[in-house]
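Input: a single structure, listed below in structure tokens.
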Amino acid sequence: MSDPVSTTLPETEQADKEFLDDVIAGLHRQPKQLAPKYFYDEQGSRYFDQICQLEEYYPYRTELELLPRVAKELNDYFHQQTSDGIHVIEFGAGSLHKIKPLLEHVEQIDEFTAIDISGAHLQSACAELKNYFPELTIHGVEADFTRPFPLKAEGRVHLGFFPGSTIGNLAPAEAVEFLANARQTLGEGSYMLLGVDTKKDEQLLHQAYNDSAGVTAKFNKNVLVRINRELGADFDLDGFRHEAWYNDAKGRVEMHLRSVREQRVTLGTQVFDFAKDETIHTENSYKYHPHEFEDLAAKAGWHAEKWWLADNQMFSVTLLRSDQ
Ligand code: AVI
């Protein structure tokens, strides 16, 4: 019998070229920007895991506390819908902590595919998950989860899983595109379960993205460390400061790296000039009321079947069903 933990490796060179092209294009834009997916090299994934353990960063633990209730109700729901086995596909899987309540409570799940951009991190997480659930067939796939992805298994019930409010890191139009692509990947009659951060008191949002231990600042700056190391740029790390604030009009937390002085950065033959106080916009984290999210998902052909709200209203989980 073959090992049920399998891996698909990407075209590394193509990924490097895309990283280079995106960084150059992003730093030539006005205002300058970098895509948040580039936070997640090995070190960046580690920083993110540390963020999830912080007292101030409520999304991780609030969702984790909510998921067992969601999973128990989902178990009843799926027993009413189908007698078939369920294949869960997690997009942007990271450390695979969130899937555990689903695997513990939804009895029909017999196969799990984890898709993540950070391959090394994913493999160790898949191996660890296998220790907890030895009967489960597990696939780890290193890929950009925002793109359509060919699923091998046909004729099964597919449940997409996208926890952590990672959908909030996409602009609304991109989120609709992602949900439409996911619908294409998962196929007709499929389902999707998403964790979505809610709108809330600005002060709580501010604290969550400006933690007192400075981990979020390291996470944010790590993208510059990565650009220096992998692309040979010469960013002076002390020349940039982490900043994050809630943009009420847009309903999102923005993260930026602010240049503390006038400076020049080079990357190969490319030259980027920074004015004092100019920023690189590194991340958006959109927050949605459940009904706002329902409307967004509808634009991608999904129907909101159920949603759950944490007791303190700080986080929501929505089950979508693909419209026939
Ligand atoms: C992964 N994502 C949902 C996190 C968020 O809250 O937007 C990333 C993060 N950025 C700063 N802290 C955490």
Side-chain angles (χ1 to χ4, degrees), residues 33-64 66-67 90-99 114-118 121-122 125 144-146 161-172 174-175 178-179 193-226 240-247 250-258 279-288 293 296 310 314-318:
Q33 59 177 256
L34 293 168
K37 66 180 176 185
Y38 294 121
F39 286 138
Y40 301 94
D41 63 353
E42 255 190 278
Q43 181 60 52
S45 298
R46 255 184 257 129
Y47 283 139
F48 182 63
D49 283 350
Q50 289 171 22
I51 288 173
C52 290
Q53 301 309 317
L54 295 168
E55 184 60 32
E56 294 114 316
Y57 192 72
Y58 65 85
Y60 178 81
R61 67 168 183 282
T62 311
E63 184 181 41
L64 209 57
L66 180 58
L67 278 172
E90 183 169 349
F91 297 90
S95 296
L96 302 182
H97 293 137
K98 306 274 177 67
I99 190 64
I115 309 173
D116 199 88
I117 204 158
S118 172
H121 199 63
L122 182 66
D144 180 350
F145 64 82
T146 58
F161 184 44
F162 198 37
S165 203
T166 306
I167 190 103
N169 295 135
L170 303 174
E174 291 168 342
F178 164 74
L179 288 170
L193 189 72
L194 294 107
V196 182
D197 197 8
T198 54
K199 290 200 162 87
K200 59 184 60 65
D201 177 66
E202 207 173 312
Q203 186 59 28
L204 291 172
L205 288 169
H206 187 87
Q207 284 166 3
Y209 292 84
N210 292 279
D211 66 276
S212 49
V215 185
T216 310
K218 284 191 198 152
F219 172 72
N220 197 4
K221 274 197 185 182
N222 182 58
V223 72
L224 302 186
V225 176
R226 186 175 178 194
F240 291 86
R241 183 174 72 226
H242 162 77
E243 282 188 19
W245 63 81
Y246 184 62
N247 179 334
K250 300 241 163 101
R252 69 190 192 198
V253 172
E254 298 185 8
M255 286 213 312
H256 293 255
L257 289 165
R258 189 177 294 278
T279 76
I280 311 173
H281 189 169
T282 51
E283 187 186 65
N284 288 317
S285 195
Y286 283 84
K287 312 298 171 190
Y288 296 100
F293 188 69
L296 185 104
M314 300 260 278
F315 205 87
S316 67
V317 172
T318 295

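Ligands are counted one by one from 1 in listed order, and the atoms in each one are counted from 1 as well. These values consider heavy atoms only, across backbone and side chains, with no hydrogens, waters or symmetry-generated copies.
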>> Less than 4.5 Å apart, side chain to side chain, heavy atoms only: is that true for V225 and D41?
In response: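 Sidechains of D41 and V225: no contact.
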> Looking at side-chain heavy atoms only, is the closest gap between Y246 and K199 below 4.5 Å?
Replying inline: yes
>> Under the side chain to side chain donor-acceptor pair (under 3.5 Å) test against N284, which residue among K250, E174, R252 passes?
In response: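 Among K250, E174, R252, the one that satisfies the side chain to side chain donor-acceptor pair (under 3.5 Å) with N284 is R252.
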>> For the OH atom of Y58 and the SG atom of C52, what is their distance to the nearest 0.5 Å?
In response: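 SG of C52 is found 12.0 Å from OH of Y58.
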> So W245 and H256, would you call those rings parallel, tilted or perpendicular, with 30° and 60° as cut-offs?
Replying inline: parallel
> How far apart are the C-alpha atoms of Y40 and F219, what are their side-chain angles, what is the distance that settles it, and do they pass the ring pair (Phe, Tyr, Trp, His ring centres under 6.0 Å) test?
Replying inline: CA-CA 9 Å; Y40 301 94; F219 172 72; 5.6 Å; yes
> Mind checking what residues have non-hydrogen atoms under 4.0 angstrom from ligand 1?
Replying inline: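 For ligand 1, the contacting residues are Y40, F48, I51, Y57, G164, S165, T166, N169, Y209, T216, F219, M255, E283, S285.
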